[in-house]
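Some notes on the structure that comes next.
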Amino acid sequence: MMFFVPLIVAGIVLLLLWLGWRFFLGGARLQVERATIATPTDLACEPVDIPAVDAPPSRPLSGAGGVFAWMKAWPVGMLLPMLALPLVAAVVAITLHFGGYHKDPQFVPSEYAHGNQIRQALLEEKLVPPPPLPPSAFVDAVAEKPQLALDKADRDWARMDPAFVQDVLRVMERMKARGFPMVLLEGYRSAERQNKLAGGSTKVTQAKGGESKHQYGLAADLAPVRGGKVVISERDPWAMQAYNALGEEAQAAGLTWGGVWSFRDYGHIERAGSLRALLSQRNKK
């Protein structure tokens with residue numbers, strides 16, 4: 001379709017040029033020739049009476065001849081703008097019609113781009129948490145950290161923030177693609193359990209009850225799985241590779257990784273931002 005636009009514009013321009021030459025420039029030249037013949041300046045002539053000859057009665061021109069005669073009667077300076085207006089209108093109309101085909105999505109106004117991102121996020125398929133591993137998979141992990149026993153650690157995805165769950169599941173998908181399948185060790189954590197972990201003989205966390213994002217479903221502890229067994233030992237080189245990869249993927253997803261804290265928690269990821277700001281934002285929804 002765009003191939004015909006230059007041809008149409010070129011045809012209109014050629015038509016206007018032909019009309020200008022045929023009826024304006026040609027007409028002006030004819031008037032000059034008639035004036036030169038009728039009023040010679042190099043001959044001295046006596047006025048001569050020429051008998052009047054009956055001329056046929058004039059009649060108005062009709063059809064194309066009338067249009068051309070009307071055009072010749074108008075000054076060229078007035079006719080040219082009148083003829084140029086349709087050309088300008090045609091070019092503007094064609095430009096507006098085909099303007100949408102030349103839009104670059106990178107130059108879409110930010111508010112529309114942001115709206116498209118929101119709609120795209122809403123249309124994204126919701127990820128489903130993986131099926132839980134059997135208790136036998138956690139034997140070694142529980143032996144190293146008894147607080148991870150199933151009767152103590154909550155691994156119920158439904159008790160966590162739904163949006164945060166989607167973030168965690170996407171991180172787990174990328175980790176699996178890198179060769180490090182992950183499992184949820186603990187998601188939601190009550191304030192009572194938080195206090196026990198913070199005040200026990202073996203300190204697991206520095207946050208007290210109500211101060212951790214675990215209490216609000218905005219934090220998760222993950223661990224890599226190798227050969228059907230959960231590996232949490234930081235002395236295991238393969239497990240440390242998995243934890244470092246977890247930090248990279250979590251930070252790329254806009255989450256906070258506990259491996260960069262002074263009290264290092266390599267398997268911990270959480271929603272970025274202060275807890276107060278996150279709770280205030282949640283209350284506004």
Set of residues satisfying salt bridge (Lys or Arg N to Asp or Glu O under 4.0 Å) with respect to Arg155, sequence neighbours excluded |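 Counting only residues at least two positions away or on another chain, Arg155 forms no salt bridge (Lys or Arg N to Asp or Glu O under 4.0 Å).
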
List in chain and number order the residues that pass salt bridge (Lys or Arg N to Asp or Glu O under 4.0 Å) with Asp156, two or more places apart in sequence or in another chain; answer none if no residue qualifies.
->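 Once residues adjacent in sequence are excluded, Asp156 has no partner under the salt bridge (Lys or Arg N to Asp or Glu O under 4.0 Å) criterion.
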
Considering only heavy atoms from C-beta outward, does the side chain of [X] approach that of [Y] to under 4.5 Å?
| X | Y | value |
| --- | --- | --- |
| Leu246 | Leu222 | yes |
| Lys196 | Val204 | no |
| Arg235 | Met240 | no |
| His214 | Asp221 | yes |

Look up atom [atom1] in [X] and atom [atom2] in [Y], then write down how far apart they are to the nearest 0.5 Å.
| X | Y | atom1 | atom2 | answer |
| --- | --- | --- | --- | --- |
| Gln281 | Ser274 | CD | OG | 10.0 Å |
| Gln206 | Leu197 | CD | CG | 13.0 Å |
| Leu275 | Ser280 | CG | OG | 11.0 Å |
| Leu218 | Thr256 | CG | OG1 | 11.0 Å |

Taking all heavy atoms of [X] and all of [Y], pick out the closest pair and write down the distance.
| X | Y | result |
| --- | --- | --- |
| Ala272 | Leu278 | O-CD2, 3.6 Å |
| Ala191 | Gly210 | CB-N, 4.2 Å |
| Ser233 | Ala239 | O-CB, 3.3 Å |
| Ala250 | Ile269 | CB-CG2, 3.7 Å |

Examine distances only and state if a side-chain atom of Lys145 and a backbone atom of Ile232 form a donor-acceptor pair shorter than 3.5 Å.
->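 No; zero donor-acceptor contacts below 3.5 Å.
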
Exercise answer: donor-acceptor pairs, residues 259-267 side-chain atoms, under 3.5 Å, sequence neighbours excluded:
{"from": "Arg264", "atom 1": "NH1", "to": "Gly259", "atom 2": "O", "distance (Å)": "2.5"}

Would you mind listing every salt bridge (charged side-chain N to carboxylate O under 4.0 Å, His left out) that reaches into residues 205-219, with sequence neighbours excluded?
->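 Sorted result for residues 205-219: Lys213-Glu270.
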
Same apolar cluster: [X] and [Y], side chain cutoff 4.5 Å:
| X | Y | answer |
| --- | --- | --- |
| Leu133 | Val142 | yes |
| Val225 | Val139 | no |
| Phe138 | Trp157 | yes |

Residues 171-187, side-chain donor-acceptor partners within the protein, below 3.5 Å, at least two apart:
{"from": "Arg174", "atom 1": "NE", "to": "Glu249", "atom 2": "OE1", "distance (Å)": "3.1"}
{"from": "Arg178", "atom 1": "NH1", "to": "Glu248", "atom 2": "OE1", "distance (Å)": "3.1"}
{"from": "Arg178", "atom 1": "NH1", "to": "Glu249", "atom 2": "OE2", "distance (Å)": "3.0"}
{"from": "Arg178", "atom 1": "NH2", "to": "Glu248", "atom 2": "OE1", "distance (Å)": "3.0"}
{"from": "Glu186", "atom 1": "OE1", "to": "Arg189", "atom 2": "NH2", "distance (Å)": "3.1"}
{"from": "Glu186", "atom 1": "OE1", "to": "Arg193", "atom 2": "NH2", "distance (Å)": "3.2"}
{"from": "Glu186", "atom 1": "OE2", "to": "Arg189", "atom 2": "NE", "distance (Å)": "3.1"}
{"from": "Glu186", "atom 1": "OE2", "to": "Arg193", "atom 2": "NE", "distance (Å)": "2.6"}
{"from": "Glu186", "atom 1": "OE2", "to": "Arg193", "atom 2": "NH2", "distance (Å)": "3.4"}

Please list every donor-acceptor pair under 3.5 Å in which a side-chain atom of residues 158-169 meets a protein atom from a residue at least two apart or in another chain.
{"from": "Arg159", "atom 1": "NH1", "to": "Asp154", "atom 2": "OD2", "distance (Å)": "2.9"}
{"from": "Asp161", "atom 1": "OD1", "to": "Arg282", "atom 2": "NH2", "distance (Å)": "3.4"}
{"from": "Asp161", "atom 1": "OD2", "to": "Ala163", "atom 2": "N", "distance (Å)": "3.2"}
{"from": "Asp161", "atom 1": "OD2", "to": "Phe164", "atom 2": "N", "distance (Å)": "3.0"}
{"from": "Gln166", "atom 1": "OE1", "to": "Leu127", "atom 2": "N", "distance (Å)": "2.8"}
{"from": "Gln166", "atom 1": "NE2", "to": "Leu127", "atom 2": "O", "distance (Å)": "3.1"}
{"from": "Asp167", "atom 1": "OD2", "to": "Arg271", "atom 2": "NH2", "distance (Å)": "3.1"}

Decide yes or no on side chain to side chain contact (heavy atoms under 4.5 Å, CB included) for Ser190 and Gln215, but give the supporting numbers first.
-> CA-CA 6 Å; Ser190 66; Gln215 278 84 75; 6.0 Å; no

